[in-house]
*Asks:* 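Below is one structure. I have some questions about it.
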Amino acid sequence: MRYSQSLIPTLKETPAEAEVVSHRLLLRGGYIRKLTAGIYSYLPLGLAAIRKVEQIVREEMNRAGAQELLMPMVQPADLWRETGRYEKYGPELLRFHDRHDRESCLGPTHEEVITDLARREIRSYRDMGKNLYQIQTKFRDEIRPRFGLMRGREFIMKDAYSFDVDDAQSEKCYQKMFEAYTRIFKRCGLDFRPVEADSGTIGGSFSHEFMVLADTGEDTLAICSSCDYAANMEKAAVKLPVADDSALLDLEKVETPGKRKVAAVCEFMDIVPRELVKTLVFLADGQAVAVLVRGDREVEEVKLKNHLGVVEVEMADDKQVYDATGVPTGYLGPVGITVKLVVDQEVAAMKNFTVGANEKNYHMKNVNIGRDFEAVSVADLRQITKDDPCPQCGEPLILREGIEVGHIFKLGTGYSKAMKAFYQDSDGQEKPMVMGCYGIGVSRIVAAAIEQNHDENGMIFPMPLAPVQVILLNLGIKDEQITKMADSLYEELMARGVEVLLDDRDERPGFKFKDADLLGIPLRVTVGKRFSKDGIIELRTRRDGAIEELQPEALAARIVALIDAEITAAQ
RNA sequence: CGGAACGUAGCGCAGUCUGGUAGCGCACUUGUCUGGGGGACAAGUGGUCGGAGGUUCAAAUCCUCUCGUUCCGACCA
């Protein structure tokens, strides 16, 4: 590729819209351009990087026995009604009517389409054990797209779906995918961790996320400092606390005029937040539910949602709280409350705690479960903290930010039952197919790789993801000898299968160096004065800036060796 | 959708409070010089000031509405 013929519009200044480093550098490097909110064009270099990821994904999926196919992006609403998701999915699903007024949507994921295909085409247990995948543009009408390729509305995803005869086979496939994913992210040169995850709206019984560790990540991970435990914070199990066996004290009502916040109440009553219990009201699919957690804890909404078995929970506002309970916020408590009450396990282990009295300007102390009120249910409902022990081994946990680049689910038979995807087993019985689904955010991987690999001068691509492996700078466009050498090296490298970008623009050396750094291409070859004077070609690595001086004849072989070494190292 | 900010040349911004001439840097065009870390000089091109309506002799500037973008929250690959 010749720079002069390509479209690589680098920017000296950072566009104001870009906040995170990958977004800034992708724009500055001329890899992407925004069309509208959350929707980007991939320019030649951006596309080249994406193709690299796709290729790795393809190779590993195929190696794991999966088959590639391609499904439609436009999907009929009726298919989505079969699983109930047309109603459930929410405004993230972009819906529209075609010219015949048929309801349609743009595929944000493909469980319905693939299950429809499977139920039509697969009859016998002999045809089961299939894993089908595609790499395709998805559309999710995100409420708030942000961070460039990290959370677009339109993005490239690899999605795979497996169909097995029973749980044991499905489990094997899940394991295989777990291994394939580990290989994929390793080959991409990413620093990542697989973590236990919530299965979200896609549904299913069990799942892992693959997280790239980066400060700009939107998820928080709980990672054990000692054993192999790692989980998304929203899923991370809090260890069951030891029950307090103090004697029960007498219930006491205390006047707390104007003291609504935990801090104010504690100060007024001369207690600490861990002796107080908050009563928070959530709307669970519209129904008010009160949740008790210790004063210094936060409710984990995902845990609450799963515990209640509802689609959505949100914190009620002051008015909704008053409407549901008749008590102003700040004075709510479990004693005599009228709405459904669920209790965090930590609170269930407490004795003689302080709560709101369900009456303005009053709190109660020495409250106890069982004696003063009954809980509808007790569960792990709070957010884990960095001070919690590992739920597996009890050693300290570390909390880190991560970018979700892959997610695998055991789906079970939810979709197959809803859509009547049955096969006939060897015993002649009709049985539901056991499904799994496995996603990778292809375009997001490129962003994640940059978040992990950059410096003040620009991107630093790991060799396996680099859009091209070498940038060849001709620093003497008007010098016949230099240009001749640069062109011949360009030809020679390409002949040896090396991907090269030849910077043949009539620009000053400094300008080309800056662009080369910004673009993040792993190897840089310079043909300039050093060559015309001493016959020396310079080879520099982007990551550590190390320079080797070589004779032109030795260059190609050296480059091939470096590339091979880096690619093998990542495998 | 809730909270906040911002829309002025391709990009980054000033000008808006206090109404009157649209400006700076980069980029772009032409020329000369220059040529190893985003060069210098000279001459240029490019604007319905997001859009619509209003107030006024006069609106980028004041008022109303609207569209868009970004940031914080809920969603997710």
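Because the structure is predicted, anything quoted here is derived from the model rather than measured.
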*Asks:* Nearest of B:rC76, B:rG36, B:rG35 to any side-chain atom of A:Arg508?
*Replies:*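 Ranking B:rC76, B:rG36, B:rG35 by closest atom to the A:Arg508 side chain puts B:rG35 first.
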
*Asks:* Given atom CG of A:Leu519 and atom C1' of B:rG38, what is their separation to the nearest angstrom?
*Replies:*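 Atom-to-atom, A:Leu519 to B:rG38, this comes out as 13 Å.
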
*Asks:* Any carboxylate oxygen within less than 4.0 angstrom of a Lys/Arg side-chain nitrogen, looking at A:Glu54 and A:Lys158?
*Replies:*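 No.
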
*Asks:* Between A:Tyr133 and A:His110, does a side-chain hydrogen bond (donor to acceptor under 3.5 Å, both in side chains) hold up when you go through it step by step?
*Replies:* CA-CA 10 Å; A:Tyr133 77 97; A:His110 279 65; over 6 Å; no

*Asks:* Once you apply the 3.5 Å cut-off to both distances, tell me the Watson-Crick or G-U wobble partner of B:rC33, or none.
*Replies:*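 Paired with B:rG39.
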
*Asks:* On a whole-Å scale, what distance lies between the C1' atoms belonging to B:rG15 and B:rG20?
*Replies:*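 Result for the C1' pair: 14 Å, nearest Å.
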
*Asks:* Using the P atom in both, what is the distance from B:rA58 to B:rC67, to the nearest Å?
*Replies:*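 Comparing P positions in B:rA58 and B:rC67 gives a spacing of 29 Å.
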
*Asks:* Measure CG/A:Leu93 against P/B:rC75 and give the value in whole Å, please.
*Replies:*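 About 17 Å, once rounded to whole Å.
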
*Asks:* So does A:Glu507 reach the base of B:rG38 with its side chain, donor to acceptor, closer than 3.5 Å?
*Replies:*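 Side chain to base: no pair present.
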
*Asks:* At 4.0 Å (heavy atoms only), tell me whether A:Asp141 reaches a base, stays on the sugar-phosphate, or touches nothing.
*Replies:*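 Nothing, no heavy atom under 4.0 Å.
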
*Asks:* Between A:Arg144 and B:rC75, does any side-chain N or O lie under 4.0 Å from OP1 or OP2?
*Replies:*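 A:Arg144 to B:rC75 OP1/OP2: no side-chain N or O under 4.0 Å.
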
*Asks:* Please check the phosphate of B:rC72 (OP1 and OP2 only) for any side-chain N or O of A:Arg146 closer than 4.0 Å.
*Replies:*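 A:Arg146 to B:rC72 OP1/OP2: side-chain N or O found under 4.0 Å.
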
*Asks:* Ignoring hydrogens and angles, answer whether the base of B:rG35 and the side-chain atoms of A:Asp506 contain a donor-acceptor pair closer than 3.5 Å.
*Replies:*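 Yes, the side chain and the base share a sub-3.5 Å donor-acceptor pair.
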
*Asks:* How would you label the contact of A:Glu209 with the nucleic acid (heavy atoms, under 4.0 Å): base, sugar-phosphate, or nothing?
*Replies:*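 The answer is nothing, as A:Glu209 stays clear of every strand by at least 4.0 Å.
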
*Asks:* Would you call A:Glu59-A:Arg187 a salt bridge at under 4.0 Å N-O?
*Replies:*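 Answer for the salt bridge query: yes.
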
*Asks:* Do A:Asp159 and A:Tyr161 meet the criterion of a side-chain donor-acceptor pair at a distance under 3.5 Å?
*Replies:*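 Note: A:Asp159 and A:Tyr161 side chains meet the donor-acceptor criterion.
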
*Asks:* Under 4.0 Å between any heavy atoms, over every strand shown, what does A:Glu314 touch: base, sugar-phosphate, or nothing? Just pick one.
*Replies:*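 Nothing, no nucleic acid heavy atom in range.
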
*Asks:* Would you call A:Asp506 and A:Lys478 a salt bridge, taking side-chain N to carboxylate O under 4.0 Å as the test?
*Replies:*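 Counted as a salt bridge, because a side-chain N and a carboxylate O are separated by less than 4.0 Å.
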
*Asks:* Begin from the C-alpha positions of A:Thr109 and A:Glu111 and carry the test side-chain hydrogen bond (donor to acceptor under 3.5 Å, both in side chains) through to its verdict.
*Replies:* CA-CA 6 Å; A:Thr109 177; A:Glu111 283 80 11; 2.7 Å; yes

*Asks:* Could you verify whether a donor N or O on one side chain and an acceptor N or O on the other, from A:Glu112 and A:Thr83, lie under 3.5 Å apart?
*Replies:*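 Their side chains do contain a donor-acceptor pair, which is all the 3.5 Å distance test asks for.
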
*Asks:* Determine, stepwise, if the pair A:Arg193 / A:Arg400 fulfils side chain to side chain contact (heavy atoms under 4.5 Å, CB included).
*Replies:* CA-CA 11 Å; A:Arg193 287 294 291 265; A:Arg400 294 210 44 189; over 6 Å; no

*Asks:* Which residue lies toward the 5' end of RNA chain B, A:Val313 or A:Ile156, if each is placed at its nearest nucleotide?
*Replies:*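 Between the two, 5'-proximity favours A:Val313.
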
*Asks:* On a whole-Å scale, what distance lies between the P atoms belonging to B:rG19 and B:rU61?
*Replies:*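 It works out to 12 Å between them.
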
*Asks:* Is B:rU61 paired to anything, Watson-Crick or G-U wobble with both distances less than 3.5 Å, and if yes, which nucleotide?
*Replies:*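 Its partner: none found.
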
*Asks:* Just checking A:Arg28: base, sugar-phosphate only, or nothing, at a heavy-atom cut-off of under 4.0 Å?
*Replies:*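 The residue A:Arg28 makes base contact.
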
*Asks:* Could you check how far CE of A:Met211 sits from C1' of B:rA77, rounded to whole Å?
*Replies:*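 Taking CE of A:Met211 and C1' of B:rA77, I get 10 Å after rounding.
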
*Asks:* When the distance from CZ of A:Phe147 to C1' of B:rU69 is rounded to whole Å, what number comes out?
*Replies:*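 Answer to the nearest Å: 15 Å.
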
*Asks:* Ring of A:Phe155 versus six-membered ring of B:rA77: centres under 5.5 Å and planes under 30°?
*Replies:*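 Yes; by the centre-distance and plane-angle rule, A:Phe155 counts as stacking on B:rA77.
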
*Asks:* Using OP1 and OP2 only, check whether a side-chain N or O of A:Arg140 sits under 4.0 Å from B:rC75.
*Replies:*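 No, because none of the side-chain N or O atoms of A:Arg140 sits under 4.0 Å from OP1 or OP2 of B:rC75.
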
*Asks:* Could you tell me whether A:Gly152 contacts a base, only the sugar-phosphate backbone, or nothing, with contacts defined as non-hydrogen atoms closer than 4.0 Å?
*Replies:*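 It contacts base atoms.
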
*Asks:* Tell me whether the centres of the aromatic rings in A:Tyr181 and A:Tyr174 are closer together than 6.0 Å.
*Replies:*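 So the answer is no for these two rings.
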
*Asks:* Base, sugar-phosphate or nothing for A:Gly528? Non-hydrogen atoms, less than 4.0 Å.
*Replies:*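 If one applies the 4.0 Å heavy-atom cut-off, A:Gly528 turns out to touch a base.
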
*Asks:* Once you apply the 3.5 Å cut-off to both distances, tell me the Watson-Crick or G-U wobble partner of B:rA9, or none.
*Replies:*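 When the pairing criteria are applied, nothing turns out to pair with B:rA9, so the answer is none.
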
*Asks:* Taking atom C1' in both B:rU21 and B:rA42, what distance in whole Å separates the two?
*Replies:*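 Per the computed distance, 26 Å lies between those C1' atoms.
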
*Asks:* Within this structure, what is the CZ-to-P distance between A:Phe513 and B:rG39, rounded to whole angstrom?
*Replies:*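 Going from A:Phe513 (CZ) to B:rG39 (P), I get 13 Å.
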
*Asks:* Please determine, by modelled atom types, if A:Gln383 and A:Thr385 share a side-chain donor-acceptor pair under 3.5 angstrom.
*Replies:*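 No - no donor-acceptor pair under 3.5 Å links their side chains.
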
*Asks:* Which parts of residues 8-16 of chain A get close to RNA chain B, meaning a heavy atom less than 4.0 angstrom away?
*Replies:*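 Listed by number, they are A:Lys12, A:Glu13, A:Thr14, A:Pro15, A:Ala16.
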
*Asks:* With the threshold set at under 4.0 Å for non-hydrogen atoms, list the residues of residues 35-42 of chain A touching RNA chain B in residue-number order.
*Replies:*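 Those residues are A:Thr36, A:Ala37.
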
*Asks:* Considering Watson-Crick and G-U wobble pairs with both distances under 3.5 Å, what does B:rC28 pair with?
*Replies:*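 Looking at the geometry, B:rC28 pairs with B:rG44.
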
*Asks:* When the C1' atoms of B:rA9 and B:rA5 are considered, how many whole Å apart are they?
*Replies:*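 Nearest-Å result for B:rA9 against B:rA5 at atom C1': 23 Å.
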
*Asks:* Could you tell me the Watson-Crick or G-U partner of B:rG2, where both distances fall under 3.5 Å? Say none if there is no partner.
*Replies:*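 B:rC72 is the nucleotide pairing with B:rG2.
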
*Asks:* Could you tell me how far B:rG12 sits from B:rU56 if I compare only their P atoms? Round to whole Å.
*Replies:*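 Looking at atom P only, B:rU56 and B:rG12 are 37 Å apart.
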
*Asks:* So, using side-chain contact (heavy atoms from CB on, under 4.5 Å) as the criterion, who are the partners of A:Ala554 when residues are at least two apart?
*Replies:*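 Testing A:Ala554 for side-chain contact (heavy atoms from CB on, under 4.5 Å), a comparison that skips the adjacent residues, returns none.
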
*Asks:* Could you work out which one of B:rC72, B:rA77, B:rG36 sits closest to the side chain of A:Leu475?
*Replies:*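 Closest nucleotide among those given: B:rG36.
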
*Asks:* Ignoring backbone atoms, test whether A:Lys34 places a side-chain nitrogen or oxygen under 4.0 Å from the OP1 or OP2 oxygen of B:rU70.
*Replies:*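 Yes, A:Lys34 has a side-chain N/O under 4.0 Å of OP1/OP2 on B:rU70.
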
*Asks:* B:rC71 C1' sits how many Å from A:Glu218 CD, rounded?
*Replies:*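 A:Glu218 atom CD is separated from B:rC71 atom C1' by 13 Å.
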
*Asks:* Answer with base, sugar-phosphate or nothing: what part of the nucleic acid does A:Gly476 contact at a heavy-atom distance below 4.0 Å?
*Replies:*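 Since no nucleic acid heavy atom lies under 4.0 Å of A:Gly476, the category is nothing.
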
*Asks:* Regarding A:Arg297 and A:Asp344, does a basic nitrogen lie under 4.0 Å from an acidic carboxylate oxygen?
*Replies:*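 No, A:Arg297 and A:Asp344 are not salt-bridged.
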
*Asks:* Given that A:Gly510 and A:Phe210 both sit by RNA chain B, which one's nearest nucleotide is further toward the 5' end?
*Replies:*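 It is A:Gly510 whose nearest nucleotide is closer to the 5' end.
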
*Asks:* Give me the distance, rounded to whole Å, that separates B:rA60 from B:rG51 when you measure between the P atoms they each carry.
*Replies:*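 After rounding to an integer number of Å, I get 11 Å for this pair.
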
*Asks:* Can you tell me how far the CG atom of A:Leu381 sits from the CG atom of A:Leu304, to the nearest 0.5 Å?
*Replies:*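 A:Leu381 CG to A:Leu304 CG: 6.0 Å, rounded to 0.5 Å.
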
*Asks:* Could you tell me which nucleotide pairs with B:rA14 by Watson-Crick or G-U wobble geometry, both distances under 3.5 Å, or answer none if nothing does?
*Replies:*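 Paired with no nucleotide.
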
*Asks:* Give A:Asp219 one of three labels, base, sugar-phosphate or nothing, depending on what nucleic acid heavy atoms sit under 4.0 Å from its own.
*Replies:*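 Base: the residue A:Asp219, judged by heavy atoms under 4.0 Å, touches a nucleobase.
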
*Asks:* Less than 4.5 Å apart, side chain to side chain, heavy atoms only: is that true for A:Leu27 and A:Thr14?
*Replies:*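 They are not in contact (no side-chain heavy atoms under 4.5 Å apart), so the answer is no.
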
*Asks:* Give me the distance, rounded to whole Å, that separates B:rU64 from B:rC6 when you measure between the P atoms they each carry.
*Replies:*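 Pairwise P distance, B:rU64 against B:rC6, rounds to 16 Å.
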
*Asks:* Rounded to whole Å, please give me the gap between CZ in A:Phe511 and C1' in B:rU34.
*Replies:*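 Nearest whole value for this atom pair: 15 Å.
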
*Asks:* Expressed in angstrom and rounded to an integer, what is the separation of A:Asp503 atom CG from B:rG35 atom C1'?
*Replies:*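 In whole Å, B:rG35 C1' and A:Asp503 CG are 14 Å from each other.
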
*Asks:* Using a 4.0 Å heavy-atom cut-off, does A:Glu301 contact any base of the nucleic acid, only the sugar-phosphate backbone, or nothing at all?
*Replies:*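 It contacts nothing in the nucleic acid.
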
*Asks:* Heavy atoms under 4.0 Å, any strand shown: does A:Arg33 hit a base, just sugar-phosphate, or nothing?
*Replies:*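 If one applies the 4.0 Å heavy-atom cut-off, A:Arg33 turns out to touch nothing in the nucleic acid.
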
